[in-house]
Amino acid sequence: MKNKVVHIYSHTHWDQEWYFTSSRSRIYLFNHIKNVIRILENNDDFPCYLLDAQSALIESYLKWAPEDKEALFKLIAEKRLLTGPWYTQTDQLVIHQESVVRNLWYGIKVASDAGNNMALGYVPDCFGQGGNMPQLYKQFGINHALFWRGIADNTLHETEFVWQGDNGDQLFAVQIPWGYHYGGLLDETPETLSAFLKEKMAPIEARSERANLLYPHGFDQAPVRENLPELVKRFNACDDERHYQISSPLDFLQALEKEVVGDVRVLQGELTEGKHSRVHKTIFSCRADLKLLNNEIEALLVNTLEPVLAISRSLGHDYPANVVADIWKLMFYNAAHDSIGGCNSDDTNQDIFFRYKQARDLAVNLLELHTRLIAIRTPREHDYTFTVFNPLTNTAAPQVTFEAWLPGMPFTLRDATGKALPYVIEEQTCLTSYVLNQTIRLNPGKPYHKPEKVYRTKVTVNSSDLPALGYTRWHLDFAADGASESITDNARTIENAHYRVEVQENGLLAITRKATGKRYERQMVLVENGDDGDSYNYSPPRGDLIVTSEGCLTSSSRESNDLNQSLQLEYVLKVPGNLEERAQGRVTAEMKVATRITLQQDDMIRFAVDVDNQVLSHRLCVHFATDILANVSYADQLFGVVVRPVQLSNALRVWEEENWHEKPISIEPMQSYVNLHDDTHGFTFHTNGVREYEIVGDNFDNISVTLFRSFGYMGKENLLYRPGRASGESVVATPDAQLLGSLSFNFGWRIHSGTFDEAQHARVSKAFLTSFPVYQDSDFLNGRLRFCLSDEARTYPQAYSLLSLPCGPQDALVSVVKCAEEGEGLICRFYNPNLETEATLPALKHARNVLLDEKTPAPERVTLKPNDVQTLYVEPE
């Protein structure tokens, strides 16, 4: 009697690019889906086929084969061709939380519009699982997960478990211990078929004593096996113990869940163990140039563009939903696990760069259009008027830097109340003829202001309060000169109300926190060392030479004005030129680093670091010393905070003996900050760049953040941190990944008193990563310089606020405010960024609680637990 059911799910894992380009992948995808449609239509015994759970493949195919839409949608509606819930197989650890949510939203929409969405968190190949994914899945109606990477058998011997997210939500999950490709090859030889099945089933049954077993049949870009139904019949004929059937993976999980109800273990949080499946933890700093673009554009979309579009629609403008969708989809293609990882050929990474360029250009120009549509409909009393937008949901008075076209005359910049605003002119270039020759006067008889001179000017302003989620107007008053003059000298100290920062004789910084009088030395230490790794893993050379910025300062100066004080420091690090010289201890090259340290009026010390990289195969980190002897670190993850050990001590003791695929290292990802603290104070690094950190030092009291790393090959064998075979293709050279040339990085450093929750790190990062658009409303700029628009009736208020929300430490933090994907409503998404305390949701009129899908009703809540997320759908008034 057969007492076990083997669920064979037939699939392909379709990387949309990798060592090959997206163009090659699309050509072969077109051929692949043609074959899938033909085989499923002509063979009723082939019940279902999984197209990698990413519905972007459906969209891609139909662009070239619209004639197949009806046949394709019929197979999807019949649940024979399985797609969704993802748009692309996204990374979960280093991508912005809103990117992950939108990936699921668009993925489910495309699949549902085609006929059916597979409600399964299917993640065959992503490099680790995020700690809040159970919550995100469940809010999209997904109650099961199936994945490969991230769990060692030390943690889970069996394959099935209950996965609990960091907010407490649970779902039923199964790990595929040997990967999605385990059953990709099937023996069809009659004489060896029985032995083949016994050999393949033995490891599965050694890990699972259940009656329902999973056998994944597929691999990367795998062709569909047309005779699979016949093979399954032969499997059943030669195996007296097991019944084989072609199933969907979701059917398998549901059957197994019924079988094991109440008899499974619970695992919590993120899953990033690399014992049996490489999770490539240092992929977070690979191709730092592309990571910087990703992070810049994510912040622009979520923190600035979408809130401004919400303001614009509230004033009567159409919401450009399809344009926004196209921008996000460009980002989703780049968010796929290999693509965002950077573990690709140089050709492929060039495609990724171009998609970033497209996404950024579209976002920047869409933002300009809607700030302009608002500005030109607002009454103007001055020839030089500026509409200033605040995308935050609280009143803010940020320091704003923007480009203006000015007449080169002394002026005072005034806000809507007439208050003079402190400002400094950073740069100024005369472009009179160019700008004025671009002007187009639609009504030549109408008078307009034509300046004698026009200078393209970079202006930095200390703003007065900007209305929450709204705008106000500034203007130029030429009656007096209100500019702050910058003074440059050779002093080596800057200070504000919070800090005194001084350059020590060794070139390192010492920071005194004025609230306590405590002085912290060895701040901002640049640490350079070799990287013998590849596009997947950082790995130190067997013969390394570590170089720091101590003693490498070549020049320093101070710049002071009414807005800021800053230090300009230049370092020259003498370093080996390549791995061979490093192994020999030879220093033949120079790495020049220019750093600007700025104090504004708040409690963040801002750093801008420019590196001239002419060195091969190395890594550059920046270290900040604390007085915390840490056991754990704290960083933000998707919709919350994650606590991680600074050293994986137990795993480190056994990893070589147990032949782990990767060394268990504590180089970790963050969304925007990493923190060390005790009960009374703490230290936080806020990044506007690479999202990778490590806690280092003999006492684990230094925060190290990777600025970049470089390497020469896609894959290499026998690394110190990753023994054995190469990941990727060892024959693919990646000279672009050496990142030769100029690289720029921005980050902030804060020292705080009190508890972690009181310091509100996520809220500070949100403001740090938010840009405040400024649009100049001047007649002479209407024309070819910006495109010409018709005159409009100026009926909008001089100042406007769409929504104002409380922003205290006890309040839930806004993830995004945006137009609803469907309907005329406003979406406000909140989460609790605290470690211990609950956060209060605001009471909004005409609002209802919904899930992340923006339509399914959710229970009414007043507070959120840590790591919890809640979406409010606000109906228009």
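- Asn117 places none of its side-chain heavy atoms less than 4.5 Å from the side chain of Thr83.
- Donor-acceptor pairing under 3.5 Å is lacking for the side chains of Arg829 and Gln870.
- Taking SG of Cys286 as the start and NZ of Lys291 as the end, the distance is 5.0 Å to the nearest 0.5 Å.
- Atom OG1 of Thr282 is separated from atom CD of Glu692 by 6.0 Å, given to the nearest 0.5 angstrom.
- Distance check, rounded to the nearest 0.5 Å: CG of Leu707 to OG of Ser285 gives 10.0 Å.
- Between the side chain of Arg313 and the main chain of Glu824, a donor-acceptor pair closer than 3.5 Å is present.
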Please lay out, stage by stage, how Gln54 and Gln16 fare under the test side chain to side chain donor-acceptor pair (under 3.5 Å).
CA-CA 10 Å; Gln54 46 178 330; Gln16 304 206 47; 2.9 Å; yes
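- For the residue pair Asn303 and Ser771, no side-chain donor N or O sits within less than 3.5 Å of a side-chain acceptor on the partner.
- The backbone N or O of Val162 sits nowhere less than 3.5 Å from a side-chain atom of Gln170 that would complete a donor-acceptor pair.
- A ring-centre distance under 6.0 Å is not found for Phe147 and Tyr122.
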Determine whether Val388 and Val461 satisfy the following criterion, side-chain contact (heavy atoms from CB on, under 4.5 Å), listing intermediate values before the conclusion.
CA-CA 11 Å; Val388 189; Val461 181; over 6 Å; no
Let's go through Tyr673 and Phe768 carefully: what are the C-alpha distance in whole Å and the side-chain angles of both, what is the deciding distance for ring-ring contact (aromatic ring centres under 6.0 Å, His included) to 0.1 Å, and is it a yes or a no?
CA-CA 11 Å; Tyr673 72 81; Phe768 181 54; over 10 Å; no
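- Within the 3.5 Å criterion, the main-chain N or O of Val308 finds no donor-acceptor partner in the side chain of Ser312.
- The backbone N or O of Pro866 sits nowhere less than 3.5 Å from a side-chain atom of Glu836 that would complete a donor-acceptor pair.
- Pairs passing the salt bridge (charged side-chain N to carboxylate O under 4.0 Å, His left out) check and including a residue from residues 744-759, sequence neighbours excluded, read Asp603-Arg750.
- A salt bridge is defined here as a Lys NZ or Arg NE, NH1 or NH2 lying under 4.0 Å from an Asp or Glu carboxylate O, and Lys855 with Asp853 fails to meet this definition.
- Taking the six-membered ring for Trp and thresholds of 30 and 60 degrees, Phe756 and Tyr634 have ring planes inclined between 30 and 60 degrees apart.
- Counted by atom type alone, Thr460 and Thr401 present one or more donor-acceptor pairs between their side chains at under 3.5 Å.
- The distance from the NE2 atom of His370 to the CD1 atom of Ile374 is 8.5 Å, given to the nearest 0.5 Å.
- Taking 4.5 Å as the limit, some side-chain heavy atom of Tyr471 sits within range of a side-chain heavy atom of Tyr796.
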Can you check side chain to side chain donor-acceptor pair (under 3.5 Å) on Asn832 and Lys865, steps first, answer last?
CA-CA 6 Å; Asn832 183 348; Lys865 298 175 294 185; over 6 Å; no
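- Atom-to-atom distance recorded for Leu638:CG and Met133:CE is 7.0 Å, nearest 0.5 angstrom.
- Ring-centre distance between Phe683 and His677: not below the 6.0 Å cut-off.
- A salt bridge between Arg848 and Glu875 is present, with a side-chain N of the basic residue lying under 4.0 Å from a carboxylate O of the acidic one.
- Closest approach of Asn849 and Pro859 over heavy atoms only: ND2-O, 3.1 Å.
- For Asp326, there are no salt bridge (charged side-chain N to carboxylate O under 4.0 Å, His left out) partners two or more places apart in sequence or in a different chain.
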Run the side-chain contact (heavy atoms from CB on, under 4.5 Å) test on Phe284 and Arg691 for me, step by step, so that the C-alpha distance in whole Å, both residues' side-chain angles and the decisive distance to 0.1 Å come before the verdict.
CA-CA 6 Å; Phe284 313 125; Arg691 298 167 175 171; 5.7 Å; no
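- The side chain to side chain contact (heavy atoms under 4.5 Å, CB included) search around Ser744 returns Asp610, not counting sequence neighbours.
- Minimum heavy-atom separation, Val690 to Ala288: CG2-CB, 3.7 Å.
- In summary, the side chains of Asp166 and Gln637 do present a donor paired with an acceptor at a separation below 3.5 Å, with no hydrogens or angles considered.
- In this structure, Asn365 contributes its side chain and Asp361 its backbone to a donor-acceptor pair below 3.5 Å.
- With hydrogens and angles left out, the side-chain atoms of Glu17 and Ser339 include a donor and acceptor closer than 3.5 Å.
- Leu852 and Trp105 get closest at one heavy-atom pair: O-CD1, 3.9 Å.
- Remark: the backbone N or O of Ala299 is not paired with any side-chain donor or acceptor of Asn295 at under 3.5 angstrom.
- Under a 3.5 Å cut-off, the side chain of Gln92 and the backbone N or O of Gly130 do form a donor-acceptor pair.
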For a salt bridge (charged side-chain N to carboxylate O under 4.0 Å, His left out) check, start with the C-alpha distance between Arg861 and Asp868, then their side-chain angles and the critical distance, and finish with the verdict.
CA-CA 11 Å; Arg861 296 196 279 182; Asp868 219 350; 2.7 Å; yes
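- Arg360 is linked by a side chain to side chain contact (heavy atoms under 4.5 Å, CB included) to Leu293, Glu296, Ile297, Val364, counting only residues two or more places apart in sequence or in another chain.
- Under the 6.0 Å cut-off for aromatic ring centres, Tyr87 and Tyr106 do not qualify, their centroids lying 6.0 Å or more apart.
- For His686 and Ser765, the side-chain atoms include at least one donor-acceptor pair closer than 3.5 Å.
- Of all heavy-atom pairs between Leu120 and His144, the closest is CD1-O, 3.4 Å.
- Between the side chain of Glu854 and the main chain of Glu821, a donor-acceptor pair closer than 3.5 Å is present.
- The shortest distance between side-chain heavy atoms of Glu98 and Phe639 falls below 4.5 Å.
- A donor-acceptor pair shorter than 3.5 Å cannot be found between the side chains of Tyr137 and Asn143.
- Among pairs with a residue in residues 636-645, those fulfilling salt bridge (charged side-chain N to carboxylate O under 4.0 Å, His left out) read Glu270-Arg644, Arg644-Glu668, at least two apart in sequence or across chains.
- Side-chain atoms of Lys766 come within 3.5 Å of backbone atoms of Ser815 as a donor-acceptor pair (strictly under, hydrogens ignored).
- Note that the CZ atom of Phe332 and the OG atom of Ser55 stand 10.0 Å from one another [nearest 0.5 Å].
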Using the side-chain contact (heavy atoms from CB on, under 4.5 Å) rule, take Cys828 and Leu803 through it: C-alpha gap first, then chi angles, then the decisive distance, then the call.
CA-CA 10 Å; Cys828 299; Leu803 181 67; 3.7 Å; yes
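- For the residue pair Thr88 and Trp86, the shortest heavy atom distance occurs at O-CB, 3.4 Å.
- Tyr333 and Arg355 form no side-chain donor-acceptor contact under 3.5 Å, judged by distance and modelled atom types alone.
- Here the closest non-hydrogen pair linking Leu864 and Ala812 is CD1-CB, 4.2 Å.
- In this structure Tyr800 satisfies the side chain to side chain donor-acceptor pair (under 3.5 Å) test together with Ser314, sequence neighbours excluded.
- Taking the six-membered ring for Trp and the full ring otherwise, the centers of Phe386 and Phe402 sit less than 6.0 Å from each other.
- Judged purely by atom type and a 3.5 angstrom limit, Gln129 has no side-chain atom pairing as donor or acceptor with the backbone of Leu93.
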